[in-house]
Structure formats: structure tokens, C-alpha cells
Amino acid sequence: MLQQIVFSIIVFYALWNAGKLYMRVRRNILLGKDEDLTDNPGKRWQNVMLVAFGQKKMFKRWIPAVLHLFIYVAFLMTQVELLEIFIDGFFGVHRFFAPYLGILYPIIISFIEILSVLAFIATIAFLARRNVLKIPRFHKSEMTWWPKLDANLILLGELTLLIGIFCMNGADVVLQKVDPEHYHPTGFFAISGWLGPLLFGWMNEGGLVIIERFGWWLHILTVLAFLNYLPISKHLHIMLAFPNTWYARLNSRGEMPNMPEVMNEVKSMMGLTPAADMAMDDELPEFGANDVTSLSWKNIMDAYTCTECGRCTSVCPANLTGKKLSPRKILMDIRDRAEEVGNKIDSEETRYLKADAKDKAYALTKDNFDDGKSLFDYITREELHACTTCNACVEACPVLINPLDPILRLRRYEILTESAGPQDWVPMFTSVENSGSVWQIPDDRDKWAKDAVGS
Amino acid sequence: MADVVAAGKNPEILFWVGCAGSYDARAQKVSIAFCKILNKAGIEYAILGKEESCTGDPARRAGNEFVFQMTALQNIETLNMYKVKKIVCTCPHCFNTLKNEYPALGGNYEVIHHTQFLQQLMEEGKISVQGGAFSGKKVTYHDSCYIGRVNGIYEVPRQLLEKLDNQLVEMERGKERGLCCGAGGAQMFKEDEPGDKRINIERTEEALDTGAEIIAANCPFCITMLQDGVKAKEKQDSVMVYDLSHRQ
């Protein structure tokens, strides 16, 4: 009974706290601007099924794909065992599903156990890839102490989960022989069936009960700790990969989002439409993005979905040739800035109010927020200017994150709102504007054509 | 176009030449070669000539939406005035912008790249190729980002090359993994950001590693970048960079 009460208190506290943390993540994502990404649901579900559930894009690189698949499928399947742990914990029963599932029960548990062993091997391999083999993409400059520690904590957490499962099942198998009245025989478990007797066969009943409870509590406490750790970790992808693939933009990669406000202004300048209303606005319009509040909410969801695997950075031509740009860093910066803005809004301090809102008793929101900082305090111009828009990063991401889109939005801000940007570009802009060509050349555009007669 | 329409003709296709095809000495040769193929195939076509403007791709990708909109809307006015339906481009950047970005501005056309058009002409038996000077030679094909990864055209150019009777060898990074030449995103018009190496050198080294005597490409900017790379590696006498439309 005491165990049930303790269990219930811990679970409800963990869920309540996790709920708060996830709502914060949601709020931070919604710091971005509205963008409707709900068209063509058929195609969107297809993306979720193929890319998120089906891991399709992971298989561009076989070794990590197979290792990742072990952990992923083990994670999905373990939910059955987790559900049983919850029922057992709340109602003080033991292996609740066993009598209902009959012969299926040991088959399901065996399946989970085999996957767990594969996941164990994969986790060790991942630890080795990060810390021993030192795969280059895990050691770029943006991989400072925290991203590295975060990745290792997750992997160690996974090992803990698996150790819990095997302690629990292994001790149970032995107990089924010692005390069949309390530990009903469940049928043979593929791994624990021999590993349990091997490891714990020598113990007395008291010791076995302790090991069984230790494994059970270790597993569920690690699960709950994970749940609360995810919102501050790169590992959040296990949740967000699904909505992120659903909301991925479906347009051609070659299409930069149109800016109707600019188009309409230019149309009216060219006399194609009557003068736009834009001139009526007293505030100077801002174009592009300089902060999370002027990015699309999808850019921020991308950032929270990023698990920092670095596939984007490892194929970026700028990064490969020693330039500062790293697509992964752009996403990490967006997430860090979203966290900063979110925390400052939560602080409710009036010093973060925009100048013109200071004298009024407004609550601090994303619309009146100004801390004198922006994304440009995180992302340098040099990084933005190095991008060739080659889309290699877009192609590489296994969960349909688009690192290119925010880069181009920041470029738009720099050029359109700040009238800044690389000086080298100015002659190109002027030339396109005045002579309709990227180069200022006095020749006729069709001078070459005189040589094009005949065949 | 103006002359053709004045003569009462309604050409089947518009050849979109682009800034490079119009002004860059190397790309002009591609424009001429492509026109000669069209002449040979008996295709009725026209160019906009002085009425053509930059599609605005580099301005838009640099972030200058105003300049993009000005040139794009001007082009759309012209194209719609001549009731253009089908456009062929030799430049992947023009191709992408006309195909994927003009519709949102009111410009809807069937846009194809010249490699696709050449393939089509061959299938229809309007043109044929012989290996000639290229037969038996080792050729490697460089996927431009805007034909390859962005628009998913990987096989058509390779099939064309195979018809030339040569030995097609792949670079380590090909197709969707193809490495950029370094010119896209308006990089063509500025100095590189500080780094260890130029991107075109990295790509040229990869191409030379295949042992190919010919690097085939489909984009005037890639050709410039790779040609510069080959020169920097002092291989300009043994390795040639060609557009797919070149005939000898």
C-alpha cells in the first residue's frame, strides 16, 4: 500500500512538472509568427509515416541507421511493458497483463527483451562513436561541453533503462521458481530466462525481491526523469519528430516564400496596381527576421526538434571548406534564443518592455518584448553570408528540418531592413535593377545571337 | 521575340538565355551551341533578346526581395504579353526561379531545362549524337544544386552523356549528395567568407580524383567555378569542363 501511494505521488508530480515544461516549449515555439502549414493532409501523413515512423531518411547512412533503428523500435515496443508498470504501480498488482495475454505474454516480453539487447549494443556503439572513435560531426565548434554532455547523459540514461528491465525480469524469472504463489509463472523470457538464473540464481528470496523491486523502480524512475529532462535536451526529437514532419513545408525546395507585401509595393510602383495601402502605415515596416519573434513558428519547432546529429553540417559546402557557417549551429542558436526570450517573458520584468510600452501597465508578451538583443547576437553575419543555398542541409536532415529557411530570412532582414550586407553584392543589385543583368555590361543582351545561325 | 511575333509566327518555345548565357564568354558558347541544336532539330523558337531581364535569383537569395520583385514582375509582364507557354533554360538558376517562384507572382509557364529538352528531342528522333571526340573518354558529371537536389533531375543528364559512347564515372559525392560548386546563393558575386579552402577547389579535386578527362556540367556558374578549379590545379590542358549541349 505504501508503495502504491509513493508511486502515485511520484508519477503525478512527474507528469505535472513535465506538463509545465512541455507547455513552455509550446509557448516558445509560438513566439514565432503564424504560418499556415495544414494544406494537403494526405501528403503530410505520408511524411509522418515514412520519415518519422519509417525512418526513411536515416537510411542514407546505414551504420547509424541500423543502430538507431534498434533503439527506436525498442523504445516503441517497451511502451507495452511501461503501461504494465503503471498499472502494477497504481493498483498494487504484479505483471497485470500476464493472465490476460496468456501465451502471448512471454512472446511479447521476449520480443522486447531481444530488442533491448540490440538497443544496449547500439547504445554502447553510439557512446563509442562519440567518445572513442570521435566521428568528426560530433566534434565541431558548436559542440561545446553542454551538447556533448547532453548526448552522453541520454545514452547513459538509456543504459540505465535497460539495466532496470533486465534486473526486474531476471529476478522475476528466478522468483517464479522460488515463490510461485506470489510470482506466477509467465512462460519463458528469451533473455531473462537464462540471464536471470545466471546472474541471480545464487541469491536467497530476500535478495531476489530487492533486485526485482530495484529494477522496477530504476526503470520507471528513469522513464519519469527522461520525460522531465527531454524539454531541455536535444533528445526532444523523440517527441517532436512526429509533428515536425507533419508540419514540414510541402512547396518545392526551390521556392523561397514569397513576400506579398513587397510584391504589392513593387506592383504599385510599376503602375500594375493602384497605390498600396502600405504608405498609410506610420511605422516603418520590418522585412525578414532578426529574432525568434520574427521567424516563423516552424523555424522554432525545427530548432526544438533538432537532435544535433550534425548530418547537415557534415554536408555543408561552406563548413566543409572551413567557413564559420554550420547549419546545426543556426538551429541551436534559434533554440537558445527562444529559451532566453521565453525565460525573460516569464520573469515579467518591466525592463524587457519595448520603449513605447514602458509607461503602460501591460503584461510582458512577445509583441511588446524588447531586451535590446536579437538573433544577430547569436548568429554572425559571416555565417549567413557563407551560405550557397545548395540545399544539402535540407536534404540531409532525417526529420525534415529546414536550416536554410531561417538563414534566408535573416539575410532578408539584413538587406531590406538594415540596408546592410556584403558590399560586393551592391553592384549586382544595382545592375539587376538598372540594366536587367547581374553584370554591368554595355553590350546588347543578344549580341551573341549573330553567331547562332545555322546548325 | 518581338521580331518573330511581328512576322506573324507563334514559336513553340522560348529559349531563356539568362545573364550568363548572354554575357559570359564561356556561357555564350553554350547558348550558341544550344541554338544550333534547335536549328538542326527544326524547332521554332525565339529569345526575348533585349526584353529579357535577370530572373532575380541571385538578388532574392542574397535577401534583396525588392530587386527580385522588380525584375521578376517586369519579366512576367513581358512573358505574359507574348503569351509564352513553354520556356527552355540553359541555366539551372533561371530554370528554378521561372519554374518554382514565378507562379506565386502571376507567371505560369511550362519550364524545362535544356538537358530535359535535348533528351526529348532525341527520343523524338529529331537529333542524334555520336561519340565523336568524346567516345571512349572518361567523363564525370557534376550535379548542379538547382537541377539536382532542388529539382530532382539526376538521370536525364547522365542518360545523355551515356549516349556519347564514353565512360561515365561518378564522383564520391553525386546525385542528391552532390557537392555545390560554391557559386549559388549569390556567392558568385562576392568574395568567399574566410575559410581553409575555396569550395570549387574541393569539388574540382573530387572530380579530378575520378581520373576523368572531361567534367560535364549543366550550369554556367558551375562551369566557371570548375574551370577556375581546374586552372588552379594546373590541369587545364588535360581536363576539360563542358556543358552537356556542347558538340564537337
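Numbered from 1 within each chain, the chains take letters A, B, ... in sequence-line order.
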For the residue pair R253(A) / N96(B), report whether a side-chain donor-acceptor contact shorter than 3.5 Å exists. no

Which atoms of [X] come close to chain B, meaning under 4.5 Å heavy atom to heavy atom: side chain ones, backbone ones, both, or neither?
{"X": "M428(A)", "result": "side chain"}
{"X": "E382(A)", "result": "both"}
{"X": "A386(A)", "result": "both"}
{"X": "I407(A)", "result": "neither"}

Would you mind checking which part of [X] comes under 4.5 Å of any heavy atom in chain A, side chain (CB onward), backbone (N, CA, C, O), both or neither?
{"X": "R203(B)", "value": "neither"}
{"X": "Q74(B)", "value": "both"}
{"X": "F189(B)", "value": "both"}
{"X": "D192(B)", "value": "side chain"}

How close do L320(A) and L179(B) get, counting heavy atoms only, and between which atoms? CD1-CD1, 3.7 Å

Does [X] reach the main-chain N or O of [Y] with its side chain, forming a donor-acceptor pair under 3.5 Å?
{"X": "W439(A)", "Y": "Y23(B)", "result": "no"}
{"X": "Q187(B)", "Y": "H385(A)", "result": "yes"}
{"X": "D446(A)", "Y": "E52(B)", "result": "no"}

Look at K324(A) together with E193(B) and state whether they make a salt bridge at an N to O cut-off of under 4.0 Å.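 A salt bridge is absent here (no side-chain N lies under 4.0 Å from a carboxylate O).
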
